[in-house]
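Both ligands and their constituent atoms are indexed starting at 1 by order of listing. Along the sequence shown, residues are numbered consecutively beginning with 1. If you're wondering where the values come from, they're calculated on a predicted model, not measured in any experiment.
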Amino acid sequence: MNRYSVIVDKNPREIILLRSHPCKWGRCFFCDYINDNSVNEEEMISTNKEIIKKIDGRFNSLEVINSASVFELPKQSLIDIREKCIEKGITTLYFEAYYNYRYKLGEIRDFFQGINIEFKCGIESFDHEFRNSYLNKNIIFETPQEVAQFFDNICLLVGIEGQNEKMIDRDMEIAQKYFKKACINIFVENTTPVKRDEKLVKYFKDNYSHLENMPNIEILWNNTDFGVGN
Ligand code: SF4
């Protein structure tokens with residue numbers, strides 16, 4: 001498992017994949033990366049220390065992901081990240097957080113005072129039924145603006161059986177209209193029963209590949225495109 005990488009082409013940053021406690025929700029139907037979660041805090045902390053050591057601060061910008069939310073990282077790992085940021089002059093940090101942590105984001109901002117923090121959130125789709133009844137995200141909101149109040153960057157999933165072209169059109173429109181940044185993940189089959197829909201992937205490729213030219217939108221055609229994971 002590769003846990004450190006450097007993203008050079010768009011929004012240059014280092015990226016690390018840390019180990020954490022289990023995702024508090026842990027029930028999204030398509031998600032199997034929670035298998036990387038652990039309950040052995042000592043082991044997590046020492047593994048994370050080795051990964052954090054690799055950060056050299058070359059872009060003053062660091063993304064930290066952990067197959068859960070930033071709130072599930074051991075406190076010691078947060079301290080280690082903070083020390084490294086100070087040592088290497090990192091001025092921007094990106095973390096992931098589940099939507100239902102939205103009222104706690106300020107705690108992370110306080111902890112990393114002086115560093116600009118951006119939060120990513122896996123919304124996956126703005127279609128309420130698809131998101132909650134099928135993907136089982138348990139994320140309820142009325143409007144995209146409500147989400148944008150809390151999260152600068154949203155992750156969307158594309159190419160799943162049960163999704164349709166209209167949903168994709170609407171998601172792409174909302175992402176561009178209301179959010180500072182978006183990360184679009186083309187679904188790659190994993191150990192869950194969720195199936196990839198090749199027709200929808202083609203539809204996306206034909207109609208939305210141009211989004212790759214936008215400075216604020218990243219498309220992951222493969223879930224290892226950031227160079228971490230397996
Ligand atoms: S909130 Fe994220 S990490 Fe947790 S189960 Fe859902 S997709 Fe997986």
Practice item. State whether Glu124 and Lys137 are salt-bridged, where the test is any N-O pair (Lys NZ or Arg NE/NH1/NH2 against Asp/Glu carboxylate O) under 4.0 Å. Key: yes
Exercise for review: Assign the ring pair Trp25 / Tyr98 to parallel, tilted or perpendicular, where the plane angle (0 to 90°) is split at 30° and 60°.
Suggested key: parallel
Review point. Can you list the steps and then say if Ile168 with Leu200 is a side-chain contact (heavy atoms from CB on, under 4.5 Å)?
Key: CA-CA 9 Å; Ile168 294 174; Leu200 285 181; 4.0 Å; yes
Review point. By number and element, which atoms of ligand 1 are closer than 4.0 Å to a non-hydrogen atom of Arg27?
Key: 5 (S)
Check your understanding: Who's the nearest protein heavy-atom neighbour of atom 5 (S) of ligand 1, and how far?
Key -> Gly26 CA, 3.4 Å
Exercise for review: Go through the side-chain N and O atoms of Asp171 and Ser125 and say whether any donor and acceptor fall under 3.5 Å apart.
Suggested key: yes
Exercise for review: Examine Phe226 and Ile51 and state if one hydrophobic cluster contains both, with Ile, Leu, Val, Met, Phe, Trp and Tyr joined whenever side-chain heavy atoms are less than 4.5 Å apart.
Suggested key: no
Check your understanding: In terms of atom number and element, which parts of ligand 1 are under 4.0 angstrom from non-hydrogen atoms of Phe30?
Key -> 7 (S)
Point to revise | Atom indices of ligand 1 within 4.0 angstrom of Ile34 heavy atoms, with elements | key: 3 (S), 8 (Fe)
Exercise for review: Examine Arg109 relative to Phe119 and say whether NZ or CZ is less than 6.0 Å from the centre of the six-membered ring and inside a 45° cone about the ring axis.
Suggested key: no
Point to revise | Residue pair Tyr4 / Glu14, side-chain donor-acceptor N/O under 3.5 Å | key: yes
Exercise for review: Could you tell me the residue and atom name of the protein heavy atom closest to atom 8 (Fe) of ligand 1, and the distance to it rounded to 0.1 Å?
Suggested key: Cys31 SG, 2.4 Å
Review point. Among protein heavy atoms, which lies nearest atom 6 (Fe) of ligand 1, and at what distance?
Key: Cys28 SG, 2.3 Å
Check your understanding: Under 2.8 Å from atom 6 (Fe) of ligand 1, is there an N/O/S atom belonging to Cys23?
Key -> no
Check your understanding: Of all the heavy atoms in Lys137, does at least one lie under 4.0 Å from an atom in ligand 1?
Key -> yes
Review point. How close does the nearest protein non-hydrogen atom get to atom 7 (S) of ligand 1, and which residue and atom is it?
Key: Tyr33 OH, 3.3 Å
